Each structure stands twice: as C-alpha cells, then as structure tokens.
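Chain naming here is simple, since letters A, B, ... match the order of the sequence lines and numbering starts at 1 in each. Remember, predicted model here, so these are calculated numbers, not experimental data.
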Amino acid sequence: MASTSNEDLFKNIISHSREYGFIFQSSEIYDGLSAVYDYGQNGVELKKNIRDYWWKSMVQLHENIVGIDAAIFMHPTTWKASGHVDAFNDPLVDNKDSRKRYRADVLIEDHVAKMEAKIQKEVEKARTRFGDAFNEHQFRATHVRVLEIQQKIDAINQRFKTALETGNLEEVRKIILDLEIACPVSGTRNWTEVRQFNLMFSTQMGSVSEDASTIYLRPETAQGIFVNFLNVQKTGRMKIPFGIAQTGKAFRNEIVARQFIFRMREFEQMEMQYFVKPGTEMEWYHTWKETRMNWHRSLGFPEGKHRFHDHLKLAHYANAACDIEFEFPFGFKELEGIHSRTDFDLGNHEKFSGKKLQYFDPDLNQGYIPYVVETSIGLDRMFLAVLSQSYHEEKLEDGSERVVLRIPSFLAPVKCAVLPLVKKDGLPEKAREIMDRIKFDHLCMYEEKDSIGKRYRRQDAIGTPFCITIDHETLQDNSVTIRYRDTMLQERIPVTQVEEILMEKVDMATPLRQLT
RNA sequence: GCGGUAAUAGCUCAGCUGGUAGAGUGUCAGCUUCCCAAGCUGAAAGUCGCGGGUUCGAAUCCCGUUUACCGCUCCA
C-alpha cells in the first residue's frame with residue numbers, strides 16, 4: 001500500500017467490485033437510487049457463503065439455537081412496543097449558517113418558555129410590591145401586559161398544535177420565522193425547510209380503516225424474533241438458555257447514507273437473540289463477545305484488524321453493549337454489535353399485547369421474563385470487510401501486475417475453474433467431462449477462450465482459489481494441473497484426486513471445526 | 001441536510017478559448033498458441049448523467065436536477 005493511499009485503494013475496490021460483477025448500483029440505468037445497491041453474479045455467491053458460514057456456526061453448531069424467518073411486515077404495534085415509533089418522530093430544521101440541526105418543536109417550545117419567564121418576572125415584581133395581599137391568580141387574570149403575553153403564548157401553542165396534527169411542516173417553519181427565532185450559535189434566522197425524520201419506511205396494507213392500514217418495513221429483524229419467542233420456545237421445547245437466529249433484510253431511512261455498501265437504506269442483518277435467566281446476562285454477554293470475536297478471527301485475517309469498542313453511553317434498553325470493529329480502508333468501523341438488552345423488549349411486548357411472554361423455570365418453580373443477549377452483525381458490512389481485506393494489487397517478478405482477491409477458499413464465489421489448455425485436439429471435451437463430475441458439489445466455471453495466462457488472471461480477479469488445467473498429457477495418463485490462486489504455484493495430480501482435494505480445501509466444515 | 005469536487009465506449013481517460021466524438025484496454029467472431037494478461041485479422045459498442053437556457057451551432061458557456069466522492073453534521 002506504499003504507492004496507493006487508503007482512499008485510492010477503497011475507490012479501486014469499489015470499481016473492481018462493479019467491474020467483476022460483485023456490486024452494482026441500484027437502478028443504474030435511471031441514474032441510480034441513493035444508498036441502494038444490487039449484488040451481481042459473483043456478489044450474490046460471496047454473500048450467500050458468508051451467510052451460510054454464520055448460520056452454520058450459530059444454528060448447526062449450537063444445539064440450543066434454532067433459526068426462524070419472520071416476515072418483514074409486522075403488526076404496527078410491534079414498533080410502538082419496541083420504541084421505534086416514538087423515538088423517531090421529530091421535526092428537524094437546520095440553520096444554514098451555523099450548520100447546526102435542531103428539533104423544530106424544541107425551538108418553539110424554548111421560545112414559549114422565554115415568554116412564560118417574562119410573565120413570571122412580572123408576577124414576582126408584583127409580589128414584592130403588594131406583599132401579603134398579593135393574589136397571583138387575580139393578577140394573572142387582570143394584568144394587561146401579562147394577559148397580552150399569555151394570549152400570544154396560547155396563539156402560538158394552538159397554531160403549533162394544529163400544524164403538528166395536520167403534519168404541516170411548512171407551517172412549522174413559518175412559526176419559527178414569525179417568532180423571529182434565531183440560531184443560538186450563528187444568531188441568524190437562515191433556516192432550511194422543516195423535515196420529518198422518519199427512520200422507518202411505511203406503506204399501506206389493504207384498503208381498510210386508516211390506522212390499521214399503515215405498516216412499516218422493519219428497521220431491525222430482532223422484533224420478529226421477540227414476537228415469536230413463545231412460539232419457538234413451546235413448539236421446540238426449548239429450555240433456557242436458548243437462542244433464536246435470523247437473517248434478513250431491514251430498512252432504515254438514513255439521513256446520510258454513505259461509504260458504498262457500509263451504510264445502505266436496505267440492508268441485511270444476521271441476528272441471534274439469546275434468552276437467559278435474569279442475573280446471568282453478564283456472564284452470557286461476555287461469553288458471546290468472545291464467541292463472536294473467534295468467529296471473525298477464524299477467517300484468518302491479520303491480527304489487529306478487529307477490536308472491541310465498549311459503549312459507555314448505553315441505550316435505554318441495554319445494561320451492557322459493545323461493538324466488534326473492523327479496520328476498513330476508511331478506518332475502524334462497527335461490524336457487529338453485542339448488546340445485553342435486559343427484559344426490555346419482551347417486557348414491552350407483554351405490556352402492549354397483553355399476552356404473557358414468560359418462561360416457566362422448573363428449577364425455580366416460577367415464571368419470569370427472560371433477559372436477552374443479542375449478537376447482531378451486518379451481512380453487507382461483513383461482505384465489505386471480506387472484500388476489502390481480500391483485495392490485493394500485486395507486482396509480480398516479471399514486472400507485470402495482477403489484481404487478486406484472496407478470499408478464504410470456503411467463501412469464494414467460484415470454487416474452481418476448469419480450463420482446457422487449448423481449444424482443440426479433444427481437450428475441451430475432456431475438460432467438459434471433468435466439469436460434469438465436479439459441478440454437483442461446487443460452483444465451477446468452464447472457460448476455453450484466450451490464452452491460459454489471461455484465464456488465470458480473470459479467475460484471480462474474482463477470487464477463484466483453484467484452476468484445473470487439461471492438456472495433452474491428460475488425454476494419455478489422466479493427470480491435470482492444479483494451480484493455486486494465492487501462490488500461483490502448479491501441481492500435477494491424477495484427475496481422480498481433483499474431487500478429493502477440492503472437497504478438503506473448500507469445505508466449510510474445516511473452518512467450522514476450529515470454532516468448537 | 002449544508003459546503004466543495006466530479007460525471008464522455010464495459011473500464012481508464014483525451015477532447016485547448018463553442019464548429020456534428022477519439023485513444024488505450026476490455027468485449028465478441030475467427031486464426032495462432034503445450035501453462036501466467038500484451039501474436040494476427042475483423043466486428044460491435046457513446047443522443048458526452050438528465051432537463052432547460054444562451055447561440056446560426058453546445059461534450060465545451062449559464063441555470064436546475066440526479067448520482068458519487070471529500071469535509072461538516074447526525075447515528076436509538
């Protein structure tokens with residue numbers, strides 16, 4: 001990386017992933033859609049393999065963890081209970097000069113508070129003047145100046161209330177302008193439009209009554225697990241502690257969405273909620289921190305690419321939280337979150353649904369709402385981590401250059417390329433024969449065009465770990481050349497060994513074994 | 001969201017102060033080739049991001065818009 005800055009490197013990774021069919025911008029022919037991306041023919045394979053590796057490590061390797069696939073649409077009350085509806089419903093406004101962002105309602109309320117302070121000042125003045133004979137109620141009802149201010153306050157409040165209720169944000173802005181509210185930082189009244197920041201995308205379901213028809217696209221997959229807690233626990237006869245895993249799309253209407261696929265409006269999460277006995281959550285929190293870090297390390301990336309970042313400021317529902325950060329080309333950023341979520345979610349769903357969401361503990365002979373330890377990883381971020389860690393621009397001994405993706409073999413989109421050395425003398429037919437044998441176990445690619453060197457480089461560029469080359473010798477003694485992506489070394493092996501070698505080197509079971 | 005920069009063939013870019021678009025590479029077809037991208041022949045490919053304006057004439061100047069990148073801001 002001596003000659004290439006990290007910024008250039010990241011740009012190269014982005015254009016490489018487009019050029020070789022990993023990531024395309026959404027709706028590109030219509031100039032794209034901001035912060036939405038599509039996975040291409042190689043991207044979808046890599047993404048699927050990462051998802052599989054996660055799924056196997058969580059569900060297949062833990063007898064007490066099972067998976068579900070909950071719908072993206074959920075009953076609207078779900079998001080009331082989770083806190084998502086109320087927490088993200090604020091009208092926002094920016095001051096163009098100071099570039100500070102404010103909640104429009106807070107600006108107006110602060111202004112009203114100042115006016116009320118004026119009244120209070122008059123009241124206090126009068127109180128000292130009249131002494132014991134002072135009747136505050138009467139004073140407020142009769143004093144001309146106080147009445148005047150109070151009328152203004154009432155008018156503002158009424159106007160503001162109506163504006164909010166009708167969702168008239170332009171009116172909210174007019175109120176701010178009419179009140180001549182200035183930015184405390186810049187002192188100017190140069191305001192942007194008032195915007196409602198909605199975290200959640202909404203849509204309509206059916207054509208029935210107004211309230212019930214607005215539904216949201218889930219901003220996190222976790223709630224699908226919480227609302228199914230009892231279903232899974234009962235039908236699976238799960239005993240605490242146990243976990244429910246899920247992968248799936250989530251949607252967030254981010255204000256600023258940037259850095260390629262790092263922050264997208266539509267993205268995929270891989271989450272596992274682990275239900276534990278209250279009081280044991282910290283123990284499990286630490287266990288899962290370690291388990292998840294081991295999973296990341298099992299990919300064989302260099303030491304020091306991952307680190308923990310403990311949260312000091314905790315969300316209202318958590319009593320411990322940390323991130324696993326990865327060193328992307330643009331710095332250390334959050335890849336996975338591990339949160340001790342207490343009984344906040346299940347407790348709230350119990351409250352809102354009126355259904356008892358408890359686990360009966362036979363040891364204690366009583367029921368309780370379990371505590372939850374969550375592991376939540378962004379699949380797209382993981383994809384970006386693998387891609388940026390694998391991408392290498394190399395200068396070879398002969399002076400030429402190659403771009404190679406050193407993707408861990410078991411995650412590579414294409415496992416093996418089958419290449420006849422030349423396109424004649426029966427070599428293509430022989431190659432097809434071999435291809436037809438191994439294609440049932442692995443995604444393979446057959447190529448006969450261009451020189452063998454070109455074909456090797458093309459496979460390097462998409463991260464194919466092995467190339468099998470068929471030459472004239474193959475026709476005589478059934479031996480082939482296997483060529484390794486990372487070292488570019490070649491070996492002569494009997495064709496009968498191809499399947500065996502492939503199976504050993506790309507099988508997901510090998511890295512999974514390291515995890516236990 | 002604010003400010004700055006950019007957008008021309010799949011990719012990397014050239015196109016000077018306005019005169020009807022070009023290279024390298026890649027792609028495709030064929031020939032050649034016994035192991036690491038650069039041999040030969042031929043072909044396809046762009047209403048110059050989009051919309052408007054100025055002009056006899058706009059890839060080029062002006063305005064708007066979309067998308068991306070950088071900085072700021074935000075991030076339950």
Side-chain angles (χ1 to χ4, degrees), chain A residues 7-8 10-12 14-16 18-21 24-37 79 82-90 92-103 185-186 190-195 197 199-200 219-220 222 252-260 263 311 313-318 321 330 333-334 337 339 341 344 394 396-404 419-425 427 448-461 467-475 480-485 487-492:
Chain A
E7 202 175 293
D8 287 340
F10 187 46
K11 278 188 180 149
N12 292 350
I14 293 170
S15 57
H16 186 87
R18 181 195 142 57
E19 194 170 347
Y20 288 92
F24 306 121
Q25 190 174 21
S26 165
S27 324
E28 204 181 60
I29 61 168
Y30 293 110
D31 291 330
L33 188 61
S34 184
V36 185
Y37 291 89
W79 308 110
S82 70
H84 286 86
V85 171
D86 295 329
F88 296 93
N89 230 353
D90 308 322
L92 299 174
V93 64
D94 293 87
N95 183 272
K96 288 182 188 172
D97 299 307
S98 65
R99 294 175 186 175
K100 291 286 173 199
R101 169 167 298 149
Y102 301 91
R103 280 174 53 177
V185 177
S186 67
N190 191 6
W191 298 105
T192 62
E193 289 179 15
V194 176
R195 298 173 315 276
F197 169 45
L199 166 89
M200 293 191 287
E220 62 174 24
R252 294 184 193 182
N253 203 359
E254 302 282 352
I255 311 174
V256 280
R258 249 189 240 174
Q259 270 156 340
F260 196 39
R263 178 165 287 130
H311 289 198
K313 227 175 70 190
L314 295 173
H316 56 288
Y317 57 74
F330 43 87
K333 295 278 177 187
E334 178 188 352
H339 297 224
R341 290 182 78 132
F344 176 85
E394 288 183 344
L396 301 177
E397 282 175 11
D398 64 1
S400 67
E401 290 178 9
R402 77 160 179 166
V403 173
V404 55
L419 316 168
L421 189 57
V422 291
K423 199 172 40 171
K424 59 178 184 185
D425 303 337
L427 297 189
E448 59 182 27
K449 189 166 159 51
D450 291 319
S451 73
I452 191 71
K454 257 188 188 176
R455 282 178 277 167
Y456 284 155
R457 298 300 173 83
R458 273 205 290 263
Q459 295 301 325
D460 289 341
C467 292
I468 302 292
T469 305
I470 287 80
D471 56 20
H472 290 82
E473 228 180 301
T474 311
L475 299 177
V480 294
T481 303
I482 182 166
R483 180 260 191 192
Y484 298 94
R485 174 194 69 196
T487 58
M488 297 172 71
L489 293 177
Q490 318 188 126
E491 269 183 292
R492 196 81 202 173

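Of the candidate nucleotides B/A37, B/U27, B/C34, B/C34 has the atom nearest to the side chain of A/H472. Side chain of A/R18, nearest nucleotide from B/A37, B/C69, B/G10: B/G10. Closest to the side chain of A/S451, out of B/A68, B/A38, B/U27, is B/A38. Taking the side chain of A/E19 as heavy atoms from C-beta on, and the options B/G10, B/A37, B/C36, the nearest nucleotide is B/G10. Across B/A37, B/A29, B/C36, the shortest atom-to-atom separation from the side chain of A/K449 is found for B/A29. Side chain of A/K454, nearest nucleotide from B/C35, B/A68, B/A37: B/A37. Closest contact between the side chain of A/Y456 and the listed nucleotides B/A76, B/C36, B/A37 involves B/C36. Side-chain proximity of A/R492 to the nucleotides B/C34, B/U27, B/C35 is greatest for B/C35. For A/V422, taking side-chain heavy atoms from C-beta onward, the closest of the listed nucleotides B/C36, B/U33, B/A68 is B/U33.
For A/H16 and B/C11, the NE2 to C1' distance is 12 Å, given to the nearest whole Å. In this structure, A/L421 atom CG and B/U33 atom P are separated by 12 Å, rounded to whole Å. What separates CG of A/L396 from P of B/C36 is a distance of 12 Å, to the nearest Å.
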* Asked: Does the side chain to side chain donor-acceptor pair (under 3.5 Å) test come out yes or no for A/R492 and A/T481, once each step is laid out?
  -> CA-CA 5 Å; A/R492 196 81 202 173; A/T481 303; 3.1 Å; yes

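Side-chain atoms of A/Y484 and A/Q490 include no donor-acceptor pair closer than 3.5 Å.
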Quick test: give all pairs of protein nitrogen or oxygen and nucleotides 44-50 of chain B nitrogen or oxygen below 3.5 Å, distance rounded to 0.1 Å.
residue	atom	partner	partner atom	Å
B/G49	O2'	A/D31	OD1	3.2

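Distance noted for atom C1' between B/C74 and B/U17: 45 Å (whole Å). Rounded to a whole angstrom, the distance from the C1' atom of B/A44 to that of B/G26 is 13 Å. Comparing the P positions of B/A14 and B/G1 gives an interatomic distance of 31 Å, to the nearest angstrom. Here, B/A38 and B/U25 have their C1' atoms 10 Å apart, quoted to the whole Å. The gap from the C1' atom of B/A45 to that of B/G22 amounts to 14 Å, rounded to the nearest Å.
Residue-to-nucleotide contacts include no donor-acceptor pair under 3.5 Å from the side chain of A/R483 to the base of B/C35. Between the side chain of A/T481 and the base of B/C35, at least one donor-acceptor pair of N or O atoms lies under 3.5 Å. Donor-acceptor pairing under 3.5 Å, judged by distance alone, is absent between the side chain of A/D460 and the base of B/C36.
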